[in-house]
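Since the structure comes first, as structure tokens, the remarks are kept for the end.
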Amino acid sequence: MENIFWESSHSILELTGPGVRNFLHGQTTINILKPKSDRFIKCCWLNPLGRVRCILEIRITDNGADVLVLSGNIKELIE
């Protein structure tokens, strides 16, 4: 029997560099500056009017962050 953890696939965006935390702090609904590495953070990405565009789970890494798009369009997030 095969174990299935997700009923659908999700996209991951890997961000690297020294400014990743500051960038994500200004783009998401949570304080990204405080969490330690390898912690998963649930948050939303909002448009300039405060409307939810994506529901995210972010893992802070030593080199940046991995952004898992739980709901929404990763192409919009990349652009």
Side-chain angles (χ1 to χ4, degrees):
M1 178 180 264
E2 183 179 326
N3 290 330
I4 298 176
F5 294 103
W6 297 98
E7 291 183 8
S8 61
S9 63
H10 298 282
S11 300
I12 295 177
L13 175 63
E14 182 181 3
L15 302 174
T16 58
V20 168
R21 283 185 185 223
N22 287 330
F23 173 74
L24 289 173
H25 181 71
Q27 300 294 317
T28 60
T29 58
I30 195 151
N31 184 354
I32 296 289
L33 302 176
K34 291 185 179 183
K36 296 182 180 182
S37 295
D38 291 329
R39 305 242 6 230
F40 287 94
I41 304 160
K42 294 180 172 102
C43 62
C44 296
W45 176 52
L46 305 176
N47 72 8
L49 298 175
R51 294 189 178 118
V52 175
R53 295 183 78 180
C54 290
I55 298 173
L56 309 172
E57 191 165 277
I58 300 172
R59 181 176 64 131
I60 300 298
T61 64
D62 291 336
N63 299 326
D66 295 328
V67 180
L68 172 70
V69 179
L70 296 173
S71 179
N73 188 340
I74 192 167
K75 290 179 184 178
E76 285 182 42
L77 183 66
I78 291 170
E79 290 173 3

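These figures come from a predicted structure and were not determined experimentally. Position 1 is the first residue of the sequence, and the numbers go up from there.
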Output all residues satisfying side chain to side chain donor-acceptor pair (under 3.5 Å) with [X], sequence neighbours left out; order by chain, then residue number.
{"X": "Asp62", "result": "Ser37"}
{"X": "Asn63", "result": "none"}
{"X": "Asn31", "result": "His25"}

Within this structure, what is the [atom1]-[atom2] distance for the pair [X] and [Y], rounded to the nearest 0.5 Å?
{"X": "Leu68", "Y": "Ile55", "atom1": "CG", "atom2": "CD1", "answer": "11.5 Å"}
{"X": "Leu56", "Y": "Leu70", "atom1": "CG", "atom2": "CG", "answer": "7.5 Å"}
{"X": "Ile32", "Y": "Ile41", "atom1": "CD1", "atom2": "CD1", "answer": "4.0 Å"}

**Report entry** Closest contact, heavy atoms only, Gly72 versus Cys54
**Finding:**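 Where Gly72 meets Cys54 most closely, the heavy atoms are CA-SG, 3.9 Å.
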
Query raised in the report: Any idea which heavy atoms bring Phe40 and Arg59 closest together, and the distance?
Result: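 That closest heavy-atom pairing would be CZ-CD, 3.6 Å.
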
Query raised in the report: Is there any salt bridge (Lys or Arg N to Asp or Glu O under 4.0 Å) pair reaching into residues 42-51, and which pairs are they, with sequence neighbours excluded?
Result: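 Qualifying pairs, neighbours excluded: Lys42-Glu57.
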
Query raised in the report: Applying salt bridge (Lys or Arg N to Asp or Glu O under 4.0 Å), which residue pairs with at least one partner in residues 14-35 are found, sequence neighbours left out?
Result: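 Passing the test, one end in residues 14-35: no pairs.
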
Query - Leu46 side chain reached by Val52 side chain, heavy atoms, under 4.5 Å - result: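 Counting from C-beta outward, Val52 and Leu46 do come under 4.5 Å.
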
Query raised in the report: Taking only residues two or more places apart in sequence, or in another chain, which ones meet Leu15 in a side chain to side chain contact (heavy atoms under 4.5 Å, CB included)?
Result: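 Partners of Leu15 under the side chain to side chain contact (heavy atoms under 4.5 Å, CB included) test: Leu13, Val20, Leu24, Val67.
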
